[in-house]
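Input: a single structure, listed below in structure tokens.
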2 protein chains.
Amino acid sequence: MRPREFDHDDVLRIAFDQFWRKGVRGTSLSDIARDAGVQRGSLYNAFGSKEALFLQAYERYAGDYLAALQKALGTGSLRKRLTAFFDLTITNFRSGTPPRGCPTTRGLMELGAAEGEGLDEDAREAFASLISRITALVQDTLAAGAARGEFDGNPAAAALHIITVTRGLAVLERAFGDEPQLRKIAGHTIDLVLGRKGGSA
Amino acid sequence: MRPREFDHDDVLRIAFDQFWRKGVRGTSLSDIARDAGVQRGSLYNAFGSKEALFLQAYERYAGDYLAALQKALGTGSLRKRLTAFFDLTITNFRSGTPPRGCPTTRGLMELGAAEGEGLDEDAREAFASLISRITALVQDTLAAGAARGEFDGNPAAAALHIITVTRGLAVLERAFGDEPQLRKIAGHTIDLVLGRKGGSA
DNA sequence: GCATGTTCTTGACACTGTGTCAAATATTTT
DNA sequence: AAAATATTTGACACAGTGTCAAGAACATGC
């Protein structure tokens with residue numbers, strides 16, 4: 001067996017960085033190959049296709065991101081947790097120069113387009129899976145808060161509402177690039193869900 | 001002057017239908033040319049580029065859509081108006097077979113991607129403009145409702161919240177394709193903004 | 001130590017898509 | 001009828017995806 005001349009994980013990182021900045025369709029395998037110092041053909045050999053490479057790179061990101069979220073949602077009052085949640089979300093959208101936006105939302109609208117075409121279905125599933133897992137995390141946090149008397153409402157409905165707002169924030173971020181606006185919307189959402197006064201921080 | 005062999009508006013309609021179904025990047029000018037019965041070169045001559053053609057087609061759609069929204073927001077109680085607003089929004093996302101999603105959100109995430117590239121800036125502006133105008137419409141509706149005592153809150157903040165939710169709905173639509181879920185979120189949002197009980201319909 | 005087998009790499013190729021250009025074409029105006 | 005003008009058409013250059021066969025590097029068995 002001839003050994004690989006590149007590191008699998010390095011390529012995944014380099015590829016995801018490009019996908020994040022320029023979109024899947026906007027990134028060519030030549031770009032990635034150049035940046036990674038690998039021949040384009042080697043990437044096809046190792047990953048099969050651009051979409052398959054993206055999928056692996058995305059799963060990597062999703063794991064990291066979910067772990068960070070879990071940590072952010074882990075301490076403090078319910079209000080503090082939700083604040084940390086939105087904060088991490090928005091900071092993620094606004095990371096990079098220029099800001100790169102939300103890779104999940106971007107990918108969903110970029111690839112989740114073709115319904116019925118088996119190819120993009122895997123990607124759609126990956127995006128939907130991360131969203132579902134984040135929703136579950138938020139719901140658990142709300143349920144725990146409810147048990148502590150910090151929240152009075154339906155955790156499932158509220159979690160769905162919150163996740164919808166974060167997806168909306170990802171869109172508004174691309175439309176206006178106005179970070180203070182995003183944070184204002186986030187604060188307003190927390191007030192709405194927690195009932196304006198909310199628990200003291 | 002040699003006369004055009006095709007109708008400008010027909011091409012715009014045919015093109016937007018394809019863009020809506022397959023995305024801008026996923027639609028080739030050959031596709032549009034074939035469907036419209038026009039030579040590809042003629043499209044370049046008439047519109048300049050794919051993006052310019054998309055822009056014209058989108059502006060057309062945006063005008064129609066805004067008019068429909070304005071009508072939907074024009075009668076009944078505030079709750080009724082907001083319900084009609086979400087209804088039209090979701091129906092729009094779910095129109096077509098298979099459902100085509102939201103062209104504005106799709107376009108924003110698909111084209112608002114390219115960093116620093118002046119080309120896509122026009123498109124981003126067009127998307128942002130429609131969102132802004134819809135927000136203004138919702139805000140006016142809320143302000144009018146407040147004047148009639150049907151709403152007690154900040155119309156600007158609430159309108160921004162509502163528009164954020166609709167953008168989020170567009171994303172969730174692509175992720176899960178679950179229309180009842182979208183309608184549930186919409187209802188929950190109205191309850192949240194109007195204060196759960198709300199004015200009788 | 002050398003042959004063999006396996007995997008990776010490399011370059012060539014076919015295909016599709018974007019955009020440009022010059023030549024040919026169809027009208028209107030002079 | 002000739003000139004002016006805009007549209008159509010086909011050829012071209014270029015970039016991107018994906019495939020393939022041939023070459024290269026290493027592990028193992030003899």
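Sequence lines set the chain letters: A, B, ... in the order given, protein chains first and strands last, and positions in each chain run from 1.
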- [ ] Using a heavy-atom cut-off of under 4.0 Å over every strand shown, decide if F47(B) touches base, sugar-phosphate, or nothing.
- [x]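 Here F47(B) touches no strand at all.
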
Only one of R21(A), K50(A), K22(A), R40(A) passes salt bridge (charged side-chain N to carboxylate O under 4.0 Å, His left out) with D31(A), and that residue is K22(A)

key: Interatomic distance, D7(B) atom CG to L12(B) atom CG [nearest 0.5 angstrom]   =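 Answer rounded to 0.5 Å: 9.5 Å.
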
To the nearest angstrom, the CZ-P distance between R2(A) and dA25(D) comes to 6 Å

Separation of dT7(D) atom P from H8(B) atom NE2, nearest Å, is 10 Å

Report task. Could you check whether the rings of F16(B) and Y61(B) sit parallel, tilted or perpendicular, using 30° and 60° as the cut-offs? Result ->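 Parallel: the ring planes of F16(B) and Y61(B) meet at under 30°.
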
Residues [X], [Y]: salt bridge by 4.0 Å N-O rule:
| X | Y | value |
| --- | --- | --- |
| R13(A) | D17(A) | no |
| R79(A) | D191(A) | yes |
| E173(A) | R94(A) | yes |
| D87(A) | R81(A) | no |

Report task. Taking heavy atoms of chain A and a 4.0 Å limit, find me the 5'-most and 3'-most nucleotide of DNA chain C within that range. Result ->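 First-to-last contact on DNA chain C, by the 4.0 Å heavy-atom rule, is dG5(C) to dG11(C).
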
Nucleotide by nucleotide, nucleotides 12-17 of chain D touches protein heavy atoms under 4.0 Å in the pattern (B base, S sugar-phosphate only, - none) ----SB

Let me check something: any side-chain donor-acceptor pairs from residues 133-142 of chain B under 3.5 Å, sequence neighbours excluded? List them with distances.
unit_1	atom_1	unit_2	atom_2	d
T135(B)	OG1	I131(B)	O	2.7
T141(B)	OG1	L137(B)	O	2.9

| query | Within the pair Q39(B) and dT7(D), is there a side-chain N or O less than 4.0 Å away from OP1 or OP2? | reply | no

### Message
Need to verify one output field. Residue with the more 5' nearest nucleotide on DNA chain C, V38(A) or M1(A)?
### Response
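By nearest-heavy-atom nucleotide position, the 5'-most residue is M1(A).
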
